[in-house]
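Notes follow once the structure below has been shown.
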There are 2 protein chains.
Amino acid sequence: MKTILETDQDFICNIDAPCFQMLTSEEVELIRAGKTQVFFRKGDNLSKQGAFASYVLFVITGLAKQYIEGDSSKSLNLRIIKPGEFVGLSAVFTKNIFNYSSVAITDCQVYLIEKESIASIVQQNGMFGFNIIKRYCEQNVNLFDTLRNMTYKQMNGRIADTLLYLDSHKNQIPEIFQLLSRKDIADFAGISTESAVKLLKSFEKDNLIELHEKDIHLINYNTLNEISRKG
Amino acid sequence: MKTILETDQDFICNIDAPCFQMLTSEEVELIRAGKTQVFFRKGDNLSKQGAFASYVLFVITGLAKQYIEGDSSKSLNLRIIKPGEFVGLSAVFTKNIFNYSSVAITDCQVYLIEKESIASIVQQNGMFGFNIIKRYCEQNVNLFDTLRNMTYKQMNGRIADTLLYLDSHKNQIPEIFQLLSRKDIADFAGISTESAVKLLKSFEKDNLIELHEKDIHLINYNTLNEISRKG
DNA sequence: ACATAAAAATGTTCTATATCAATAAATAAG
DNA sequence: CTTATTTATTGATATAGAACATTTTTATGT
């Protein structure tokens with residue numbers, strides 16, 4: 001599954017991710033000592049819900065999607081993971097268990113960083129800790145949002161939501177929709193694949209979106225936002 | 001609504017909440033300088049989803065429930081807030097807006113702490129930051145759990161879950177069930193009040209629980225756990 | 001290029017759970 | 001103590017959305 005491409009040499013040095021800038025050289029050294037670079041091929045799991053986690057993942061290049069799993073083949077997609085983001089941070093601070101699964105939707109270069117390195121730097125470098133908390137906070141805000149969507153909105157609103165969310169990545173990732181199947185989109189909206197397909201068609205009929213093979217163009221943002229709000 | 005009972009005198013000193021033990025005396029002073037003690041009466045809102053938040057709440061005594069709101073009269077209860085817990089921590093690190101509402105279910109003594117105090121202490125005291133992150137993490141884990149429950153479980157599992165969750169507080173709060181209405185319980189399970197009532201009755205008939213006026217005794221923990229797991 | 005598998009598309013049926021309606025019990029108010 | 005107002009309870013009805021079944025399209029491997 002995972003293929004180790006290159007071992008830890010001069011990598012951490014040229015990490016220009018903002019969150020590593022605030023580290024002292026000893027701290028950088030600590031991270032460097034406890035990290036491995038791993039290459040994940042499209043479709044490989046970066047994390048698996050419930051699995052033991054002794055490291056934190058930091059995405060250098062590539063895209064992944066984060067999701068929670070139910071029984072059998074059901075899953076709910078939570079977000080697109082982009083370069084510069086962590087996966088499995090919780091492992092550092094609570095039970096060493098991944099709260100969620102994540103899977104590469106393109107090939108990914110990822111650092112595995114020993115959780116002890118992160119933990120000790122957080123304790124000695126307040127600014128770094130502050131940054132980590134901020135990331136948590138954002139994740140938290142998103143979780144509250146998702147929970148509200150799942151609890152209070154119905155299909156139309158959820159699909160509109162999903163389209164707007166994914167579309168917001170088009171600047172950075174023009175091919176975002178091509179990377180996702182209808183099932184993926186359905187799983188972002190938390191509805192069945194069939195329902196997703198039907199809703200997309202109906203949105204197309206109402207001139208809210210255009211379907212070009214796998215790509216989706218949003219046309220009427222106002223109405224989509226309205227639908228998303230109204231639920 | 002809020003009644004200020006006593007002003008900030010020698011209160012912070014005798015806070016024996018573990019998370020304040022690790023502060024230096026200057027840091028304690030900083031917190032003390034920027035805090036107010038407030039008394040919330042049963043039914044008062046400690047936080048209101050969407051409202052501007054310039055402070056963090058720290059519960060000294062009393063109980064509250066945290067919930068997210070939908071339109072009109074709908075809400076989803078997330079947890080019971082107990083002494084020693086923060087409300088609205090996110091305000092410190094992201095938009096100054098409460099992610100969720102919370103309401104006192106008994107009279108509560110609460111500190112309002114200026115978010116700047118918390119922010120600056122986090123940045124200078126790594127251990128304190130670490131502790132805050134841990135709290136975040138736990139909230140995170142709970143949110144993932146709730147999301148999984150809401151997405152994958154159905155009524156029976158959700159009510160069983162709720163009963164087990166509330167029952168787990170009975171040691172500390174023997175009167176926990178008396179403090180909650182059927183609607184409250186339903187809102188913890190994320191189902192309609194009518195459904196909650198019917199399910200409770202059916203659980204009683206199956207000898208899983210006993211209903212004594214408002215109080216609920218769990219009898220068959222094994223089966224309840226089973227139902228909670230199976231969804 | 002062909003065969004086989006996977007994904008997308010649609011119409012039909014089925015089900016979990018909300019909503020509605022109406023009564024009974026329990027609090028609160030006067 | 002009596003009346004008014006929530007809260008709890010119960011059965012009947014309605015519905016959003018899943019599951020199913022089938023066809024069409026697209027992707028994948030040999």
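Chain naming here is simple, since letters A, B, ... match the order of the sequence lines and numbering starts at 1 in each. Remember, it's a predicted structure, so these values are computed and weren't measured experimentally.
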When the aromatic ring centroids of B:Tyr67 and B:Tyr100 are compared, is their separation below 6.0 Å? no
Does anything in residues 178-188 of chain A come within less than 4.0 Å of DNA chain C? Heavy atoms only, and list the residues if so. A:Ser181, A:Arg182, A:Lys183
Candidate pair B:Lys170 and B:Asp215, rule salt bridge (charged side-chain N to carboxylate O under 4.0 Å, His left out), full reasoning: CA-CA 11 Å; B:Lys170 263 206 167 175; B:Asp215 197 19; 3.3 Å; yes
Is the shortest side-chain N to carboxylate O distance from A:Glu138 to A:Lys134 below 4.0 Å? no
If the plane angle is over 60° it's perpendicular, under 30° parallel, otherwise tilted; pick one for A:Tyr136 and A:Phe93. perpendicular
Across all chains, not counting sequence neighbours, the salt bridge (Lys or Arg N to Asp or Glu O under 4.0 Å) partners of B:Lys48 are B:Glu69
State whether A:Glu85 and A:Arg79 are salt-bridged, where the test is any N-O pair (Lys NZ or Arg NE/NH1/NH2 against Asp/Glu carboxylate O) under 4.0 Å. yes
Between A:Asp206 and A:Lys201, does any NZ, NE, NH1 or NH2 come within less than 4.0 Å of an OD or OE carboxylate oxygen? no
Chain B footprint on DNA chain D, 5' to 3' - any atom under 4.0 Å from a heavy atom: D:dA8 to D:dA12
Please indicate whether B:Lys214 has more than 12 foreign heavy atoms, meaning atoms of other residues, nucleotides or ligands, lying under 6.0 Å from its NZ. yes
Contact state string [nucleotides 15-23 of chain C, B base, S sugar-phosphate only, - no protein heavy atom under 4.0 Å]: -SSSBB---
Rounded distance (Å) that lies between atom P of C:dA9 and atom NZ of A:Lys214: 10 Å
Angle between terminal axes - the helix from C:dA1-D:dT30 to C:dG30-D:dC1, 5 pairs each end, rounded to 10°: 50°
Within 6.0 Å of NZ in B:Lys82, more than 12 heavy atoms from elsewhere: yes
Is the shortest distance from a Lys or Arg side-chain nitrogen in B:Arg158 or B:Asp161 to a carboxylate oxygen in the other one below 4.0 Å? no
Per-pair distances, 0.1 Å, donor-acceptor, side chain in residues 190-200 of chain B, under 3.5 Å, sequence neighbours excluded:
{"unit_1": "B:Ser192", "atom_1": "OG", "unit_2": "B:Ser195", "atom_2": "N", "d": "3.2"}
{"unit_1": "B:Ser192", "atom_1": "OG", "unit_2": "B:Ser195", "atom_2": "OG", "d": "3.0"}

Just say parallel, tilted or perpendicular for the rings of A:His212 and A:His217, cut-offs at 30° and 60°. perpendicular
